[in-house]
Visitor: 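Here you go, one structure.
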Amino acid sequence: MPELPEVETTRRGVAPYCLGEAVQALVVREPRLRWPVPPRLAEQIAGQVIEAVNRRGKYLLFSTAAGSLLVHLGMSGSLRVVDPAQAPGKHDHIDIRLRSGACLRYHDPRRFGCFLWLEPGEQHPLLSHLGPEPLDGEFGGDHLYRLSRGRTSAVKSFIMDSKVVVGVGNIYANEVLFLSGIHPRRAAGRVSQARYGVLANNIKRVLTSAVELGGTTLRDFVGGDGKPGYFAQQLYVYGRAGEVCKGCGGLLREIRLGQRTTVFCVTCQR
DNA sequence: CGCTGACCCTGACGGC
DNA sequence: TGCCGTCAGGGTCAGC
């Protein structure tokens, strides 16, 4: 269920259990993820001390002296701390067992996630073409404006492209375009510099508050049901097609854009 | 290079 | 109750 806030919340939730801890064993019950779990992954990581848990876009990186574990939660993945004595349930594909006795359990019904291994210093192709982090200083309206010149695809697809900026998933793409008053189907190359400034600020604002919300709601990271934090927050358009626009009182419309459900207000977004 | 659509997989839900 | 189509918050990849 991860958009960037979930992934960041996962990182913050599991890091205290991992940092400085040695991996006792990696137990792979189901290797058929987005890409097969490398056959040697378990032996590569066994015995290694996790020195850092970082996030790049929606990827998590567990760094050790021997290399890094690269994890993506896909569409339906989650990673949480469990008691290793607890029997794995359906779709509990992988356990990262730590010497401390803690266990990180990876659950992913749709198996769109991945567990991969990076040698020290190796730049993985999955990471090498990623755009800036939306919450970093280098990301802003100017970046979006520059990259978008001449582009004819919809601005919504543009901001969801991880080569442009990472971490803007479907829910937040809908939300930030509404907040910015931009029609999702407008050609990316035909959005002004000023409006990209507004859009970039909204991306930062919404993702920041969602990370804080996620951190609050997922405080019971150990064991809890992990209800996504942003469900608690007010959504302006996502999941509200046919309902009343909070800006003008008109009805929100739904279209499909790049196979993704898109909700917007024809009056407030141009 | 940029854009579009197919595809990866399981589960939930609505209509009949 | 069951069957069928559609949809779901991720991303890659081939083909034009």
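Below, all heavy atoms of this structure are taken into account, side chains as well, without hydrogens, waters or symmetry copies. We name chains A, B, ... by the order of the sequence lines, and we start the count at 1 in each one.
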Visitor: Counting only side-chain nitrogens and oxygens, does R34(A) get under 4.0 Å of the OP1 or OP2 atom of dT12(C)?
Guide: no
Visitor: Can you measure F115(A) atom CZ to dC8(B) atom P for me and round it to whole angstrom units?
Guide: 23 Å
Visitor: How would you label the contact of T152(A) with the nucleic acid (heavy atoms, under 4.0 Å): base, sugar-phosphate, or nothing?
Guide: sugar-phosphate
Visitor: Taking OP1 and OP2 of dC3(B), is either one under 4.0 Å from a side-chain nitrogen or oxygen of R151(A)?
Guide: yes
Visitor: H124(A) versus L70(A): any side-chain heavy-atom pair under 4.5 Å?
Guide: yes
Visitor: R260(A) has an atom CZ; how far is it from atom P of dT12(C), in whole Å?
Guide: 12 Å
Visitor: Please determine, for the side chain of R110(A), which listed nucleotide (dC8(B), dT10(B), dG11(B)) has the closest atom?
Guide: dT10(B)
Visitor: Rounded to the Å, how far apart are Y106(A) OH and dG10(C) C1'?
Guide: 10 Å
Visitor: The side chain of S153(A) is closest to which nucleotide in this list: dT12(C), dC3(B), dG10(C)?
Guide: dC3(B)
Visitor: For R56(A), is there an ion pair with E133(A) - N to carboxylate O distance below 4.0 angstrom?
Guide: yes
Visitor: P atom, dC9(B) versus dC13(C): distance in rounded Å?
Guide: 15 Å
Visitor: Counting side-chain heavy atoms from C-beta on, which of dC9(B), dG11(B), dG5(B) comes nearest to Q259(A)?
Guide: dG5(B)
Visitor: Select one nucleotide: of dC9(B), dA6(B), dC3(B), the one nearest the side-chain heavy atoms of R111(A).
Guide: dC9(B)
Visitor: Provide, to the nearest angstrom, the distance between the CG atom belonging to L147(A) and the C1' atom belonging to dC1(B).
Guide: 13 Å
Visitor: Would you say dG11(B) has OP1 or OP2 under 4.0 Å from some side-chain N or O of H91(A)?
Guide: yes
Visitor: With hydrogens left out and only the distance checked, is there a donor-acceptor pair under 3.5 Å joining R256(A)'s side chain and the base of dG5(B)?
Guide: no
Visitor: Return yes if a side-chain donor-acceptor contact under 3.5 Å exists between H107(A) and D92(A), otherwise no.
Guide: yes
Visitor: With side chains defined as the heavy atoms from C-beta onward, is the minimum distance between V23(A) and L98(A) less than 4.5 Å?
Guide: yes
Visitor: Whom does dC7(B) pair with, Watson-Crick or G-U wobble, provided both distances fall under 3.5 Å?
Guide: dG11(C)
Visitor: Rounded to whole Å, please give me the gap between CZ in F158(A) and P in dC1(B).
Guide: 15 Å
Visitor: Measure from CG on L126(A) to P on dG11(C) and round the result to the nearest Å.
Guide: 11 Å
Visitor: Is there aromatic stacking of F112(A) against dC8(B), centre distance under 5.5 Å, plane angle under 30°?
Guide: yes
Visitor: Given atom CD of E8(A) and atom P of dG10(C), what is their separation to the nearest angstrom?
Guide: 17 Å
Visitor: In whole Å, I'd like the distance from the CH2 atom of W35(A) to the P atom of dC13(C).
Guide: 6 Å
Visitor: Please tell me whether Y172(A) and N174(A) have a donor and an acceptor in their side chains that are separated by less than 3.5 angstrom.
Guide: no
Visitor: Under 4.0 Å between any heavy atoms, over every strand shown, what does Y59(A) touch: base, sugar-phosphate, or nothing? Just pick one.
Guide: sugar-phosphate
Visitor: Would you say the side chain of F178(A) lies within less than 4.5 Å of the side chain of V263(A), judging by non-hydrogen atoms?
Guide: no
Visitor: Please check the phosphate of dG11(C) (OP1 and OP2 only) for any side-chain N or O of K163(A) closer than 4.0 Å.
Guide: no
